[in-house]
2 protein chains.
Amino acid sequence: MERLPIGEAARRLGLAPSTLRYYDERGLVRPAGRVGGRRVYGRQELRRLAFLQIAQRLGIPLQAAGEVLDAPGERWRKGLEEQIAALDELIARARGARDFLVHARDCPAEHPARECPVMVGLLDRMVDGTPFEQIAAEHHPS
Amino acid sequence: MERLPIGEAARRLGLAPSTLRYYDERGLVRPAGRVGGRRVYGRQELRRLAFLQIAQRLGIPLQAAGEVLDAPGERWRKGLEEQIAALDELIARARGARDFLVHARDCPAEHPARECPVMVGLLDRMVDGTPFEQIAAEHHPS
DNA sequence: AAAGCGGTTCAAGCCGACTTGAAGTCAAAT
DNA sequence: ATTTGACTTCAAGTCGGCTTGAACCGCTTT
């Protein structure tokens with residue numbers, strides 16, 4: 001059972017040791033134990049770190065991710081439902097935005113954000129209160 | 001030609017007036033002008049704000065979004081290419097993560113993050129250095 | 001014995017994106 | 001005449017997520 005010192009654990013996940021200390025302090029990922037006062041990390045902890053990394057790259061706050069990770073049975077599943085819904089929304093928005101940017105890129109106007117009628121029209125709808133989510137969804141019906 | 005005071009402009013976009021002042025100060029969105037010392041916003045500025053809103057919700061830093069918006073012709077298109085690529089990556093990651101969470105949700109284990117073999121296996125691959133992008137891409141080939 | 005390495009704690013600093021508070025201006029409504 | 005409301009500036013505060021710096025410890029290598 002390999003138990004890695006902080007530096008090695010951090011290296012594996014592409015993080016700085018200070019980050020792991022910070023996570024420890026915040027109670028997000030506590031080391032498996034201490035050996036001579038030094039933090040040592042095991043598989044479980046590395047997995048927790050990996051999980052947090054994924055969550056974080058998707059814009060989920062560390063706090064929320066940590067809670068999902070610690071929630072038992074039912075609560076865990078509920079937390080996941082929320083995150084899945086959030087991801088579905090994110091994906092829809094991203095696809096809408098992508099189409100939008102692709103259009104902008106292909107538009108012959110010199111300054112599409114000012115001249116392109118499609119782009120301007122879309123922005124104007126936002127200005128008039130239509131949430132981007134909706135515009136994105138229209139253009140990209142799930 | 002309607003020129004809205006800061007409060008009205010902010011309301012239209014669901015922002016706080018202080019946010020618009022902040023954007024002005026940072027040079028991201030300057031009001032169309034001043035009337036009696038007060039900021040007034042026109043269509044162009046509202047569109048800029050809408051654009052920044054979209055960008056921001058996708059995790060693009062304000063600075064970057066503002067630069068894309070101001071870049072002329074070729075540079076604009078280059079900036080867009082980058083953002084489109086970034087979005088493609090984001091979408092791929094999000095879809096991978098979604099599958100991952102869906103699996104976790106459907107896993108009968110009490111604590112999937114600890115017990116579910118698929119989940120644990122995935123996390124372990126990350127621990128061993130495989131970037132999540134790659135794992136996500138495998139599971140969700142574009 | 002001294003230097004280097006990798007850890008330790010604690011406090012402070014930094015960045016982005018704002019928000020909040022204090023003090024003032026101005027026009028319209030009571 | 002005064003109060004209300006929306007604005008102005010400027011300085012400072014907040015929050016998340018770290019990083020940095022100072023001082024120290026214990027082991028190994030030179």
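Below, chains carry the letters A, B, ... as their sequence lines are ordered, and counting in each starts from 1. The shown structure was predicted, so the numbers you read here are calculated from the model rather than taken from an experiment.
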In plain terms, say whether A:Arg21 and A:Glu25 are close enough for a salt bridge, that is, a side-chain N and a carboxylate O under 4.0 Å apart.
-> no
Parallel under 30°, tilted from 30 to 60°, perpendicular over 60°: which one fits the rings of B:Trp76 and B:Phe51?
-> tilted
So, are A:Arg93 and A:Asp88 salt-bridged, with charged N and O less than 4.0 Å apart?
-> no
Run the numbers on B:Arg57 and A:Phe132 for side chain to side chain contact (heavy atoms under 4.5 Å, CB included), then give the verdict.
-> CA-CA 10 Å; B:Arg57 291 197 201 169; A:Phe132 179 64; 4.2 Å; yes
Between D:dC15 atom P and A:Tyr22 atom OH, what is the distance in whole Å?
-> 12 Å
DNA chain C: 5'-proximal contact among B:Pro17 and A:Pro17 (nearest heavy atom) | A:Pro17
Taking CG from A:Leu15 and C1' from D:dG17, how many angstroms apart are they, rounded to a whole number?
-> 12 Å
Distance check: side-chain N/O of B:Arg34 vs OP1/OP2 of D:dT9, anything under 4.0 Å?
-> yes
Rounded to the Å, how far apart are B:Glu25 CD and D:dT8 P?
-> 13 Å
Would you kindly give the OH-to-P distance between B:Tyr41 and D:dA6, to the nearest whole Å?
-> 17 Å
Take the protein atom CZ of A:Arg57 and the nucleotide atom P of D:dG17, then report the distance between them rounded to whole Å.
-> 15 Å
What is the 5' to 3' range of DNA chain C, first to last nucleotide, that sits under 4.0 Å from any heavy atom of chain A?
-> C:dG6 to C:dT9
Between A:Lys78 and A:Glu81, is there a side-chain N and carboxylate O pair less than 4.0 Å apart?
-> no
Are A:Ser18 and D:dT20 close enough that a side-chain N or O sits under 4.0 Å from OP1 or OP2?
-> no
Nearest to the side chain of A:Gln56 - D:dG17, D:dG26, D:dT8?
-> D:dG17
Criterion salt bridge (Lys or Arg N to Asp or Glu O under 4.0 Å) against B:Asp70, the qualifying member of B:Arg48, B:Arg75, B:Arg30 = B:Arg48
Below 4.0 angstrom from OP1 or OP2 of D:dG17, is there any side-chain N or O of A:Tyr23?
-> no
For D:dT8, does OP1 or OP2 lie under 4.0 Å from any side-chain N or O of B:Arg39?
-> yes
Under-4.0 Å salt bridge between B:Arg77 and A:Asp106 = no
Between CD of A:Gln63 and C1' of D:dC15 the distance, given in whole Å, is 12 Å
D:dT20 C1' sits how many Å from A:Arg21 CZ, rounded?
-> 12 Å
